[in-house]
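Naming: A, B, ... by sequence-line order, numbering from 1 per chain.
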Number of protein chains: 2
Amino acid sequence: MHNAKNVAANIFETRPLYLQVHGRLLGFLTDATWKPGQMIPNEIELARDFGVSVGTMRKALQTLTDQGLLVRRQGRGTFVAQAQALDAAPLDNVRNARDEPLQWQLQSSQLDAAVATDHELSALELSEGERVFRLQRVLRNSATTSTMLEHCVLPEKRFAGLDSDSEAHKLPVGQLGRRYGILVGPGAEHVEMHIADTREAALLDVTRGDALLKLVRIARSLDGVPVEFRVAFCNLRMGSTYLNRIR
Amino acid sequence: MHNAKNVAANIFETRPLYLQVHGRLLGFLTDATWKPGQMIPNEIELARDFGVSVGTMRKALQTLTDQGLLVRRQGRGTFVAQAQALDAAPLDNVRNARDEPLQWQLQSSQLDAAVATDHELSALELSEGERVFRLQRVLRNSATTSTMLEHCVLPEKRFAGLDSDSEAHKLPVGQLGRRYGILVGPGAEHVEMHIADTREAALLDVTRGDALLKLVRIARSLDGVPVEFRVAFCNLRMGSTYLNRIR
DNA sequence: AAGTGGTCTAGACCACGGA
DNA sequence: CCGTGGTCTAGACCACTTA
């Protein structure tokens, strides 16, 4: 029978067994051996395959579940999570006066592909000359009359064929991520103040010189590679707020 | 020997054992049987006292650790966390261009006690006629020249004697929480836009009509009772941003 | 050396969901 | 009914801290 010490005693790998297992399982997710929505083998079988006890395998699986990468259902099985929405923020974090997420209607949308600018290259950690898709859309919530101008930059190699998909530019970015099988890891969004210029004022139905919330985010896939660079300008109306969950 | 089934079979309490234990331990924290910084009994002893296995006790302790309420150190013991800073946000979430928290200098500070207004009553869930402390301070970060106007409202019953402590109004609110043994649970902060009026402009060194970030927060203790109602106005300068951690 | 939390195992039983 | 994940136990050994 396998023994924990036989594995852990490897001088090249002294991390706890469950972390080593976690890393191997994570590999199955990042290289798409296991695809979103798919059911994976049960914990007994996995434990046997990896030569660890069920308890250790459970701990590795639980860690992945805590990270939102797996979903476990008693009586059913363990499933790969659907790709986390690329736009969990900022869209979900804009709330109405009752602290409910707003329902956004797509007002306009525009997609083009081009060689990345220096700024985009550095944000997305691309090499000189790599191409990106730029997706610009205006969203509106009729209940509060809040509006948002989104400017997303996506690496072409991750979203190959995006421009030939006629539906693509109409979809919320979150569904795009799902369609391209991209799993997004934890990250951060930075909030700034911004004064609307003439163009933004026209698109967002505000007056030039009005104050907007500027939301900047670089989303990274599980392995830390940037998959989306987004800047959004938001006009909060009628008690709408931007939510920051603490802890 | 105690047996899990003997306990869990109680028809009035069918939750998992480790959750029941978690609740009991949480009680020791909320009623200050265990005080911040104090070392608590080791897991073997606790397991024996509660009549559960060490594994179950570990799971309960781990849950409290995940919540930030206990700190466990291999070889040393398990300790009650210092009261979480009441001002973990917004102060820690304001970052400079290198994404480091700003160092704030207290510019001015003013403390008074009064009967709560209706608005304060409802925010802090107090009864008619209850009294509150109001703590207003202006903070400044010299490196970025960012400024913040903080307006904190604290229930008098939770901070008894605050006004007779001559040092109190100079301390950051986080240290106040620690001094009064208040453990803060998870929460949320809402970000809004705000246009500076004359008074705010003078205090924050901006021009009347300038846009400010308005940060609104109700902090609650572990049992969900509000312990702080804060509204802060922030002037972000020289690349400073307000950080929202995702997931 | 003694005491602490951290890891790992092996196996039992329970609760849930679907055939 | 069977297979799944969820809970619980008992005990071993390891790694770290302090005296």
Interatomic distance where CZ belongs to A:Arg58 and C1' belongs to C:dA12 [whole Å]: 14 Å

C:dT9 OP1/OP2 closer than 4.0 Å to side-chain N/O of A:Thr56: yes

Interatomic distance, A:Arg48 CZ vs D:dG3 P [rounded to whole Å]: 13 Å

Interatomic distance, B:Leu64 CG vs C:dG5 P [rounded to whole Å]: 14 Å

C:dC16 phosphate, OP1 or OP2, under 4.0 Å from A:Arg76 side-chain N/O: no

Separation of atom CD1 in B:Ile44 from atom P in C:dA2, rounded to whole Å: 16 Å

Any A:Arg73 side-chain N or O less than 4.0 Å from OP1/OP2 of D:dT4: no

Spacing of A:Asn42 atom CG relative to C:dC16 atom P, expressed in whole Å: 20 Å

Any A:Ser53 side-chain nitrogen or oxygen under 4.0 Å from OP1 or OP2 of C:dC8: no

Steps toward side-chain contact (heavy atoms from CB on, under 4.5 Å) verdict (B:Glu125, B:Arg220): CA-CA 11 Å; B:Glu125 296 173 12; B:Arg220 294 166 188 276; 3.2 Å; yes

Nearest-Å distance for atom pair CD/C1', residues B:Glu43 and D:dC14: 13 Å

B:Gly75 or A:Gly75, whichever maps to the more 5' nucleotide of DNA chain C: B:Gly75

Out of C:dT4, D:dG6, D:dC8, whichever nucleotide has its closest atom nearest the side chain of B:Tyr18: D:dC8

Separation of C:dT9 C1' from A:Phe50 CZ (nearest whole Å): 18 Å

Of the listed nucleotides D:dG6, C:dG17, C:dG6, the one nearest the side chain of B:Gln74: C:dG6

A:Arg72 side-chain proximity, nearest of D:dA15, D:dT9, D:dG6: D:dG6

Residue pair B:Thr241 / B:Arg95, side-chain donor-acceptor N/O under 3.5 Å: no

Among C:dC8, C:dT7, D:dT18, the one nearest A:Lys59 by side-chain distance: C:dT7

Parallel, tilted or perpendicular, as decided by the 30° and 60° cut-offs, for the rings of B:Phe28 and B:Trp34: perpendicular

side-chain contact (heavy atoms from CB on, under 4.5 Å) between A:Lys157 and A:Leu126, intermediate numbers included: CA-CA 10 Å; A:Lys157 61 185 175 189; A:Leu126 300 174; 3.9 Å; yes

Atom-pair distance (CG on A:Leu19; C1' on C:dC8), nearest Å: 13 Å

Derivation of the side-chain contact (heavy atoms from CB on, under 4.5 Å) call for A:Gln67 and A:His22: CA-CA 11 Å; A:Gln67 293 177 291; A:His22 171 271; 2.7 Å; yes

Residue B:Leu17, side-chain heavy atoms: nucleotide from C:dT7, D:dT4, D:dC8 that is nearest: D:dC8

